[in-house]
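Here's the structure, in structure tokens; my notes come after.
Quick note: numbers below take in every heavy atom, side chains included, and nothing from hydrogens, waters or symmetry partners. In what follows, chains are A, B, ... by sequence order, proteins preceding strands, each numbered from 1.
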Protein chains: 2
Amino acid sequence: MEKSKKDQIYEAAARLFRDKGYQATSMRDLAKEVGLQASSLYNHFPSKADVLREICMNNAQRFLAGMHEVEAHEGSASEKISSLIRLHVQLSIEDVTSVTAFNDEWRHLEEPHLSAFLQLRKNYENRFQAIIVEGIAAGEFKPVNPLILSYTLFSAVRWLYDWYQPGKKITAKMLEDEILGILMEGVRK
Amino acid sequence: MEKSKKDQIYEAAARLFRDKGYQATSMRDLAKEVGLQASSLYNHFPSKADVLREICMNNAQRFLAGMHEVEAHEGSASEKISSLIRLHVQLSIEDVTSVTAFNDEWRHLEEPHLSAFLQLRKNYENRFQAIIVEGIAAGEFKPVNPLILSYTLFSAVRWLYDWYQPGKKITAKMLEDEILGILMEGVRK
DNA sequence: CCTACCGATCGGTAGG
DNA sequence: CCTACCGATCGGTAGG
């Protein structure tokens with residue numbers, strides 16, 4: 001099954017947005033990447049803003065789907081948080097679109113899409129923080145500030161997207177385990 | 001002592017670059033911010049690229065100066081790493097230019113300045129990682145991968161710049177202590 | 001420091 | 001899906 005031209009554009013856009021940023025990526029850059037003229041892109045997407053919007057909204061849904069799955073499983077709060085950190089690591093190194101959406105380029109969304117995106121994101125954060133609160137109440141976690149902890153965990157994996165080289169010596173599994181160890185157990189011996 | 005017009009431009013640029021990104025900030029935006037015409041900016045900076053370059057280079061030097069101070073003090077590796085994490089937190093919440101430089105906008109530097117910046121950054125990272133190696137050898141830290149740990153620590157504070165509201169209930173000191181606790185001792189009770 | 005203006009490039013459209 | 005083209009905006013310059 002071939003990838004549709006629309007999918008090719010979508011993926012090339014995510015790559016360019018990650019590497020150069022949304023504003024620095026022109027429709028002519030994007031067209032060249034997929035072997036079209038700039039004007040032909042408009043047969044697949046109504047506007048440049050729409051390409052970004054699709055990437056951001058799809059990925060907000062992906063994170064929320066991951067959250068839904070974690071919530072559905074029985075497990076302690078620390079098992080749930082561990083699964084979510086693994087989710088963030090995996091998406092960061094496997095899927096370039098997730099990074100575009102979650103990190104920086106969502107800033108360039110226009111209203112009303114910006115508000116819609118932020119609402120999905122807020123929902124994800126709230127559910128993440130609820131698990132932290134649950135873990136503290138159960139005596140699994142130290143009594144940290146749930147807001148600070150959640151943002152620290154989200155950011156802690158933000159360097160992966162421009163550092164991790166797939167197929168290198170470090171496997172995704174090793175990376176997940178190492179990062180999980182640092183965040184859950186700390187650095188001090 | 002008044003701030004010079006050049007300093008005003010420099011600071012307004014850092015704020016705009018952080019909020020909208022380098023590419024999305026026009027010289028006309030920047031001019032309006034400081035009450036000038038766009039063409040008048042060129043009496044203070046030779047180009048838009050030069051404004052970014054000054055911000056990035058100054059801040060690379062600031063991080064290296066912080067590193068130098070930490071290295072000069074006697075202390076265990078974990079004291080040094082703690083001081084450096086505090087440095088990152090402080091710069092993130094106190095100085096908008098540091099964020100522009102360290103996080104994302106340095107990507108828009110042009111050669112040969114991009115290479116020069118990356119070299120300073122690499123030097124900082126190497127010295128940071130050397131302290132981690134020293135801490136592991138001394139039995140202070142768990143035997144983690146120094147590269148992974150260093151990047152995890154750098155990123156862990158990257159959310160602060162668009163979240164922290166000075167004068168809010170949470171003081172800078174509380175924030176530093178909380179983040180240090182999470183990273184050094186871990187979350188699990 | 002301003003007015004006036006430049007060539008280049010942008011996102012996007014018309015028409016086929 | 002292409003050619004041809006649009007108005008707007010960009011970084012930057014000339015001249016005073």
I'd like to know whether the aromatic ring centres of B:H88 and B:F63 sit less than 6.0 Å apart in this structure.
yes

Within residues 11-19 of chain B, residues whose heavy atoms come under 4.0 Å of DNA chain C:
none

In whole angstrom, give the distance that lies between atom NE2 of B:H108 and atom C1' of D:dC10.
15 Å

With sequence neighbours left out, what residues match A:E176 under side chain to side chain donor-acceptor pair (under 3.5 Å)?
A:R86, A:Q90

Check the distance between C:dC10's C1' and A:L41's CG and give it to me in whole angstrom.
14 Å

Classify the side-chain pair B:E125/B:Y151 by whether it contains a donor and acceptor separated by less than 3.5 Å.
yes

Assess whether side chain to side chain donor-acceptor pair (under 3.5 Å) is satisfied between B:S83 and B:E79, documenting all intermediate values.
CA-CA 6 Å; B:S83 296; B:E79 283 165 353; over 6 Å; no

Cluster companions of A:V96 among Ile, Leu, Val, Met, Phe, Trp, Tyr (side-chain spacing under 4.5 Å):
none

Could you list the residues that satisfy side chain to side chain contact (heavy atoms under 4.5 Å, CB included) with B:S4, not counting sequence neighbours?
B:K6, B:D7

B:H108-B:E105 side chain donor-acceptor pair, cut-off 3.5 Å
yes

Given the side-chain rings of A:Y10 and A:F45, with only the six-membered ring counted for Trp, is the space between their centroids under 6.0 Å?
no

Using modelled atom types and a 3.5 Å cut-off, is there a donor and acceptor pairing between side-chain atoms of B:Y164 and backbone atoms of B:V89?
no

Can you tell me how far P of C:dC5 sits from CD of B:Q37, to the nearest Å?
15 Å

Over 60° means perpendicular and under 30° means parallel, so tell me whether A:F102 and A:Y124 are parallel, tilted or perpendicular.
perpendicular

Consecutive-pair stems (at least three Watson-Crick or G-U pairs, under 3.5 Å) that include DNA chain C:
C:1-16 with D:1-16

Report, as a single string ordered 5' to 3', how protein heavy atoms within less than 4.0 Å touch nucleotides 11-16 of chain C: B base, S sugar-phosphate only, - not at all.
BBB---

